[in-house]
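What follows is one structure encoded as structure tokens, with my remarks underneath.
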Amino acid sequence: MPRKRNVVKLMLMNLRLVFKNLSPILIASLVLLVWSCRDSDKNETKKMAVVVSTLNNPWFVVLGESAAERSRELGYEATIFDSQNNTAKEAEHFENLIAAGFDAILFNPTDADGSVSNVNRAKQAGIPTFCMDREVNSLDGPVTQIISDSFSGCVELGQYFVRQLNKKGKYVELLGLVGDNNTWNRSKGFHSVVDHFPELEMVSQQSADFDRSKAMEVLESVLQSNPDIDAVFCGNDAMAMGAYQALVAAGKADSVKVFGFDGAEDVMNAIGDNKITATAMQSPKFMARTAAELADKYLKGERDMSKKMPIAVEVVTKENISEFGAYEGSTE
Amino acid sequence: MKGRPSKAKKLIKNVVLLVLLAIALYNSVYFRPLDEVVKSQSDLSFDPALAAAEFMNDGMGQIQVANASDLISRLESDLNLTLEEQGKKLGISKNFYFMVEDDARVISVLDEAVLVGLGDGSGREIRIATDFIFGNAIREASGMFDIGDYQNTMDFNNISIELNNRVRDEIIPPFLKNIKEGDQIYFKGAIKINQKEPALDELRVVPLVLKIN
């Protein structure tokens with residue numbers, strides 16, 4: 001037993017000696033380890049989430065892909081999330097991306113009021129949000145909101161509409177999603193003009209949720225009770241294409257003028273072919289790139305940003321279509 | 001005998017479940033007429049008519065106004081510099097706005113405007129709009145309203161609608177009623193210039209003040 005005790009004592013002494021001599025090396029190694037970890041954090045690629053209201057509409061596909069592409073060009077890892085026009089789905093995406101530790105969110109909301117809580121949750125988690133195209137009814141939540149000046153675009157479009165119809169006739173209005181501010185900014189801009197011309201009569205105003213098939217169904221049904229319309233004003237280009245299909249089916253495509261909003265590729269082609277009368281060009285590419293660049297600046301420390309950044313919208317007609325490319329405004 | 005109470009219990013249980021289910025369904029789904037939703041969009045607490053009235057009554061004195069002839073001269077000599085340094089614009093846009101004033105002589109009364117020659121004797125002409133009073137020219141040229149102050153952008157846009165209504169209802173009718181060719185007038189109003197297509201010889205003023213001298 002005493003022999004064993006001596007062996008243990010000897011071992012402890014040796015260990016103490018080893019630690020005494022190694023401790024400076026150990027401390028230095030530990031410091032280096034921590035430092036290198038910190039350094040590797042710094043070098044780790046930052047992540048940008050692109051949350052888009054729907055990928056069931058080519059315009060939003062371009063918006064999402066352009067945001068992701070610009071983010072990658074700026075050195076970020078970018079992931080696109082599709083909310084499928086569903087605020088609950090969008091909330092799920094926010095929960096996941098907060099848990100996954102994304103650094104910033106380029107956000108195209110599903111609902112001006114319903115999406116506010118998602119933005120606030122991200123803000124509480126320290127993740128800045130940058131709204132694209134659609135706004136949320138909050139000045140505190142998002143860092144900035146890059147939106148189309150839909151109202152002014154529809155004021156211009158409304159004036160063109162009035163002149164094309166010689167200030168008289170019957171028309172139908174197809175609205176977008178009723179919870180989206182763009183729906184009402186466009187409708188209000190249009191009505192701020194056309195309502196001052198008493199011989200222009202709106203025979204029906206219905207929502208088709210920015211959806212092509214729904215627009216076709218709605219207009220088919222409206223045409224049953226109002227076969228003598230002169231024009232259809234649509235809150236977006238997808239609905240304009242749906243309305244045009246309904247008019248073709250009813251044999252009225254040549255006599256009824258269709259107006260859209262977006263500058264989508266199929267509508268731009270249709271304007272060139274005299275099928276659609278006009279649209280308002282809002283560039284998803286420009287908006288998405290601006291959002292990604294602002295997010296990058298914010299992550300690098302810039303804080304001087306306007307709460308809302310409207311981007312001008314331009315009316316595209318057969319007369320000026322050569323100045324535009326699909327999804328690209330001449331503002332660029 | 002034993003089966004009866006249990007059947008009754010089962011029935012009561014099913015009825016209660018059905019009632020609960022009906023209540024849950026009734027409260028989870030509701031329909032609102034589109035007209036009601038449209039109305040609720042305009043039933044916001046912000047009063048754009050009041051904002052427009054306050055601007056027309058008290059805010060006019062605070063606006064920065066340029067002499068129309070001088071501004072056109074500056075635009076002719078260096079368009080981009082003048083637009084960037086002195087123009088106002090909303091967000092990212094090629095449209096710039098200015099508030100201008102000048103004395104002028106009426107050349108002719110047109111369908112949608114009154115064509116006037118500016119008082120500097122330069123032969124420059126400008127159109128005073130009397131119809132198609134739409135858009136944001138007055139709101140933007142005034143520089144008195146900031147989109148960042150409005151939670152819902154429609155509140156901001158409603159200010160333009162109300163300002164245009166005031167111009168359409170109060171400024172233009174008495175002017176049009178009394179104006180004739182050769183009259184000397186004073187005007188103050190907003191102009192919009194597109195950087196890409198400035199069309200300086202076709203400028204159109206949305207009037208805020210019109211006086212026949």
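Here is the naming used below: chain letters follow the sequence lines, and residue numbers restart at 1 for every chain.
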At a 4.5 Å cut-off on heavy atoms, which part of A:Glu156 comes close to chain B: side chain, backbone, both, or neither? side chain

Chain B contact via A:Ser138 - which portion, at a heavy-atom distance below 4.5 Å: backbone

Tell me, out of B:Thr153, B:Asn95, B:Asn164, B:Leu90, who's got the most heavy-atom pairs with chain A below 4.5 Å. B:Thr153

For residues B:Gln86 and B:Arg74, is any side-chain donor paired with an opposing acceptor at under 3.5 Å? yes

With no hydrogens and no angle check, do the side chains of A:Asn137 and B:Gln151 hold a donor and an acceptor under 3.5 Å apart? no

Region of B:Asn165 in contact with chain A, defined by heavy-atom distances below 4.5 Å: side chain

Heavy-atom distances under 4.5 Å only: say whether A:Arg163 touches chain B with side chain, backbone, both or neither. side chain

Given heavy-atom pairs under 4.5 angstrom as the criterion, report whether the side chain, backbone, both or neither of A:Val162 touches chain B. side chain

Answer with yes or no whether the side chains of A:Ser53 and A:Thr110 bring together a donor and an acceptor at under 3.5 Å. no

Counting only non-hydrogen atoms closer than 4.5 Å, does A:Lys308 touch chain B with its backbone (N, CA, C, O), its side chain (CB onward), both, or neither? both

With a 4.5 angstrom heavy-atom cut-off, is it the side chain or the backbone of B:Asn157 that approaches chain A, or both, or neither? both

Side chain from CB out, backbone as N, CA, C, O: work out which of these in A:Ile147 comes under 4.5 Å of a heavy atom of chain B, or both, or neither. side chain

Are the side chains of A:Phe107 and A:Met132 in contact, using a 4.5 Å heavy-atom criterion? no

Check: A:Glu314 and B:Lys196 side chains under 4.5 Å, non-hydrogen atoms: yes

Is A:Thr290 in contact with chain B via its backbone, its side chain, both, or neither, using a 4.5 Å heavy-atom distance? side chain

A:Arg186 to A:Phe151, cation-pi by 6.0 Å centre distance and 45° axis angle: no

Tell me, side chain or backbone of A:Asp149 under 4.5 Å from chain B's heavy atoms, or both, or neither? side chain

Less than 4.0 Å between a side-chain N and a carboxylate O, is that true for B:Lys89 and B:Glu84? no

Is chain A contacted by the side chain of B:Tyr150, its backbone, both, or neither, given a heavy-atom distance below 4.5 Å? backbone

Contact winner vs chain B - A:Gln145, A:Lys307, A:Glu135, heavy-atom pairs under 4.5 Å: A:Glu135

Ignoring hydrogens and angles, state whether a donor on the side chain of A:Gln282 or A:Asp262 is under 3.5 Å from an acceptor on the partner side chain. yes

